[in-house]
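Working notes for the structure below.
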Amino acid sequence: MQDFFFYLFSALTVLSALLVVVNPNAVNGAMYMILSFIGMAVLFLLLDAFFLAVLQVLVYAGAVMVLFLFIIMLLDVERASKVRPKALSTAAALVGFGLLVVGLGYLFLGGGSVTPAELSAAPEIPMQDGGTNPMEFATASRSFGYGLFTKYMLPFQVTGFLLLIAMMGVIVLSKRLGPSGQEEPTTEAVK
Amino acid sequence: MNIGLNEYLFVSGLLFAIGFFGVLLRRNTLVIYMCMELMLNAVNLALVAFSRYNQTMDGNIFVFFIITVAAAEVAVGLAIIVALYRKRRSVEVDDLNALSH
């Protein structure tokens, strides 16, 4: 059953990601992106990361994609996206994509893979105090709290500070440039 | 066939390749930005899979941080794109070539 869900939702994620790339309409692309994020959330569920699955839907499929859709509709780029990509860049992109996929297939599907027995035979991660690992994998969001407030306390606080800086940066970027009341330079003036 | 770490890593790598393909192919700054988010998400999947099969919580906490930073990054990036659009009246990368020559 778990295998079936893995195949179903990884296919959904990959196919909708492909549709994001090939879709000429940016709004449709954003919609497929939401679908891809939801498929990814289900993959997180299959990996027992329930908290991250909820976070993925709330933050990515919710906040981030709403922001994207808002900006796409605000800028109204529909007519501009009719420009066809150049043949050279298309060929380069296809070659790069093909090379990545071939390398992946060789790495993961073409033999030489690590078997589960070998994985479990791998040496244990040494503990600093010799005791049991308090960061043992657990599905409860309580273990997130434990990790965030012990081992990752400094990154946690720095992330909070980063959010403040991002907020200030957006405010500064959104302000009109130049002296107040003066019209900003037009495209012709810049050129 | 049992689903193991390799299958998840393959899906993650495939998603990364698709995002990379999109960044190279598309000319619209907003779509390029979405493809970059896709690549970030592919890395998240790999981290969660490693964390699950390594039986530690660290990878999951990294993904928590990545999601937070990505949200901040999207806000700032979109503000930059809007500011660019106000200056240049375009979001196509072919029109934003002031630094190339």
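Chain A is the first sequence line, chain B the second, and so forth, proteins listed ahead of strands; every chain is numbered from 1. Any value given below was found using the heavy atoms of this structure, including those in side chains, with hydrogens, waters and symmetry copies removed.
Residue A/Met167 does not touch chain B at all, counting heavy-atom pairs closer than 4.5 Å. Neither the backbone nor the side chain of A/Leu99 has a heavy atom closer than 4.5 Å to any heavy atom of chain B. Heavy-atom distances place the side chain of B/Val31, and not its backbone, under 4.5 Å from chain A. Heavy atoms of B/Leu47 lying under 4.5 Å from chain A are absent altogether. Within the 4.5 angstrom heavy-atom criterion, no atom of A/Ala11 approaches chain B. Interface remark: A/Leu94 contributes backbone and side-chain atoms alike to the contact with chain B (heavy atom separation under 4.5 Å). For A/Ala92, the part sitting under 4.5 Å from any heavy atom of chain B is the backbone (N, CA, C, O) and nothing else. Interface remark: B/Glu37 contributes backbone and side-chain atoms alike to the contact with chain A (heavy atom separation under 4.5 Å). Only the side chain of B/Ala83 comes within contact range of chain A, with at least one heavy atom under 4.5 Å from a heavy atom of that chain.
Under the side chain to side chain contact (heavy atoms under 4.5 Å, CB included) criterion, B/Ile67 pairs with A/Leu52, A/Leu55, A/Gln56, A/Val59, A/Tyr60, B/Asn44, B/Val63, not counting sequence neighbours.
To the nearest 0.5 Å, atom OG1 of residue A/Thr13 and atom CG of residue B/Leu45 are 8.0 Å apart.
Within the 4.5 Å cutoff, no side-chain heavy atoms of A/Phe51 are placed close to those of B/Asn60. Side-chain atoms of A/Ile71 and B/Tyr85, non-hydrogen and from C-beta on, never get closer than 4.5 Å to each other. Between A/Ser89 and B/Arg27, some side-chain heavy-atom pair lies under the 4.5 Å cut-off. A/Val21 places a side-chain heavy atom less than 4.5 Å from the side chain of B/Cys35.
Evaluation of the salt bridge (charged side-chain N to carboxylate O under 4.0 Å, His left out) test over residues 143-165 of chain A, restricted to residues two or more places apart or in two chains, returns A/Lys151-B/Asp58.
Taking non-hydrogen atoms and a 4.5 Å limit, the residue list of residues 152-159 of chain A in contact with chain B, ordered by number, reads A/Tyr152, A/Pro155, A/Phe156, A/Thr159.
Classification of the B/Phe64-A/Phe144 ring pair by plane angle, with boundaries at 30° and 60°, yields tilted.
As a member of the Ile/Leu/Val/Met/Phe/Trp/Tyr network built from side-chain separations under 4.5 Å, B/Leu96 groups with B/Leu84.
Heavy-atom neighbours of A/Phe50 CZ from other residues, nucleotides or ligands within 6.0 Å: above the threshold of 12.
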